[in-house]
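What you see is a predicted model; the values in this text were computed from it and never measured.
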Amino acid sequence: MRRAPGRCRPALSRKLEAALADAGHRPAQWGAPTWSGERIWPVRIDLARSAGTDFKRIVLTIRAALAGLGRPLPAFDIALRRYWEHQHPGEPVEEYLRRGGPASRFGRAMPQQMQSALSDVAQALLLPGTVGSAVGQVTGSLVRALRERRQTVRALAGCARLADLLEAEPDLDALSFYPHLLAWELAQLPADKAVTPVILLDTFEDTGDRHRDAERLLQRLVWLMPNCFFVISGRNRLQWADDALQGQLDYTGPAAWPGLAPHPGRPARATGQGGARQYLIGDFSETDCDTYLAHRLTQDDQPLIGPETRAVITQRSHGLPLHLDLAVARFLEIRRTGRTPTPADFDHTFPALIARTLSDLTADERHVLRSASLLDAFDLDLATQAAGLAHQAAARRLVERPMITEDPHAIWPYHLHDAIRTALRADDHTEDHWTPADWHRAAERALTALGRQWQDAGALLPGRTLLVACLRQGLRLARDHHLDALGWLTDAAFAYTSDSVWEPLAPPTRALSPEPQPGPDTALAGNLIRPGGGGPSGFPKSGRGRSSSRSRAVAVSAS
């Protein structure tokens with residue numbers, strides 16, 4: 001059994017890591033790998049706040065994973081040794097790794113390789129004394145030798161920025177440029193030792209902060225290692241190709257990240273992905289939900305969760321993977337009490353679903369989200385007016401979230417995920433949950449906003465499609481929230497009957513995600529995952545010397 005709840009996306013990244021490390025762990029439905037002749041070297045790093053992973057640990061983890069190559073990487077190792085002794089005097093790297101963390105699982109070879117690199121350089125420079133106490137002397141002599149282009153250090157002379165980085169103050173900003181040295185060392189490997197590191201950065205949303213400081217360091221890491229392939233997974237779309245982020249991050253815009261930019265002529269979320277290398281993992285189909293629940297908990301090769309219970313969970317989840325994991329956790333909790341779970345135990349929403357959904361939203365975004373949950377579909381204007389806000393900024397940020405699906409051809413393009421919408425309406429556990437009066441006032445605002453759209457559009461170009469759509473939403477709001485001031489609904493009802501056309505006003509029901517047709521975007525996902533419809537200070541004066549195009553990075557977003 002796997003008991004950790006709410007971890008469908010990390011489970012995917014762990015599966016990717018295992019499949020890349022050993023083809024025997026690759027699911028049959030994924031087919032044969034498309035690469036050939038490349039030695040893949042996977043490294044998975046969990047960026048969740050609970051994992052306590054900072055940028056220093058990320059760099060150490062990547063280097064420790066490459067220790068399996070069995071050779072020093074001198075340009076990087078000497079710079080890292082200098083940084084370590086300056087920032088952690090008296091604390092050996094070995095001791096730091098022994099205390100745990102992501103770097104510890106890759107073995108203990110890295111410290112010995114760093115020591116070997118330092119010893120080799122000291123020997124080439126004919127330096128006396130013990131190597132362990134001569135880090136400053138070694139780096140100083142190496143810089144002079146590089147500046148003077150001595151033959152004794154010709155093996156490192158091709159690394160143009162090594163001298164600059166060894167002279168820079170060994171702080172966090174300098175450390176963020178050391179990945180360039182690591183990329184250079186990887187490029188120097190002989191053909192029989194060459195590898196392509198695949199670095200999986202999971203739970204990327206937990207790196208978010210107001211000033212994007214952590215994201216800036218991680219983006220710099222990706223930019224400086226073009227010979228590595230990065231898979232970045234999180235709840236939100238990766239925005240590096242947005243020009244609006246210029247000044248907040250080092251490298252932004254479609255010229256820097258063409259693979260992450262939206263498709264020309266189409267909204268970024270029209271097909272559930274932000275660009276050629278940005279994919280949205282969509283909802284599970286009914287079959288996928290049942291299969292997942294049946295295989296998640298087993299005993300003697302038989303599902304612990306019965307078919308009736310699985311059917312209730314599937315219906316309640318609307319295909320949302322997080323709901324499935326929360327249901328599994330609830331199932332285990334009930335079993336621990338000695339009682340056998342029944343379908344009735346799962347015929348409700350989970351407070352934790354809302355807590356996780358709202359965890360990284362601002363106060364205005366949470367307010368807009370609750371207001372939008374009153375509507376079957378909405379646009380930026382409807383959501384903003386229903387929330388009673390004077391500006392659309394919060395609604396615009398909200399529709400970028402994977403919980404919002406988009407149909408650019410509909411009257412109102414945005415739709416909130418049904419499972420989250422249902423849970424929001426039943427929420428009475430979060431600190432800022434709404435009272436019945438709050439919901440009533442929001443319903444009144446939403447009804448007024450619908451009427452204003454119909455009246456404004458009708459004055460310019462009367463249209464029955466918009467009339468029926470407004471009536472469907474307006475009548476449901478009035479019924480569910482006992483609204484007395486019907487206002488425009490009366491005029492709309494007369495306009496509806498005046499044409500003597502009697503299409504039904506009941507809104508269509510929404511089913512779980514349909515089975516997708518096979519295609520290039522679903523080849524990796526197979527049967528389980530449905531893709532949706534995701535100059536800095538301290539750099540040497542000689543320039544970054546990087547290509548403006550980055551193609552070896554992909555982003556994965558999930559609810």
Closest heavy-atom pair, R237 versus E400, reported as atoms and distance to 0.1 Å, is NE-OE1, 2.7 Å

* For Q239 and R212, does a side-chain donor sit closer than 3.5 Å to a side-chain acceptor? -> yes

Correct closest heavy-atom pair for L374 and A443 would be CD1-N, 3.6 Å

| Centroid-to-centroid, W434 to H367, below 6.0 Å? | yes

- request: Please determine, by modelled atom types, if H415 and D418 share a side-chain donor-acceptor pair under 3.5 angstrom.
  value: yes

Between W412 and L466 the two heavy atoms that sit nearest each other are CZ2-CD1, 4.0 Å

- Message: If we count only N and O atoms by modelled type, under 3.5 Å, do the side chains of Q455 and D491 hold a donor and an acceptor together?
- Response: no

Correct closest heavy-atom pair for L471 and L489 would be CD2-CD2, 3.9 Å

Should we say atom NE2 of H348 is surrounded by more than 12 heavy atoms from elsewhere, each under 6.0 Å from it?
-> yes

Could you check whether any side-chain N or O of T298 sits under 3.5 Å from a backbone N or O of P303, counting only pairs where one atom can act as donor and the other as acceptor?
no

Tell me if the aromatic rings of W240 and W223 count as close, with their centers under 6.0 Å from one another.
no

Between R452 and D381 (salt bridge meaning N to carboxylate O under 4.0 Å), is one present in this structure?
no

Output for pair (I420 CD1, I404 CD1), nearest 0.5 Å, gives 7.5 Å

Paired with H433, the side chain to side chain contact (heavy atoms under 4.5 Å, CB included) test is passed by just one of D438, L424, D427, namely D427

Note to self: If you count every heavy atom of other residues, nucleotides or ligands that lies below 6.0 Å from Q246 atom CD, does the total exceed 12?
What the structure shows: no

Consider only side-chain N and O atoms of T314 and D290, and report whether a donor and an acceptor are under 3.5 Å apart.
no

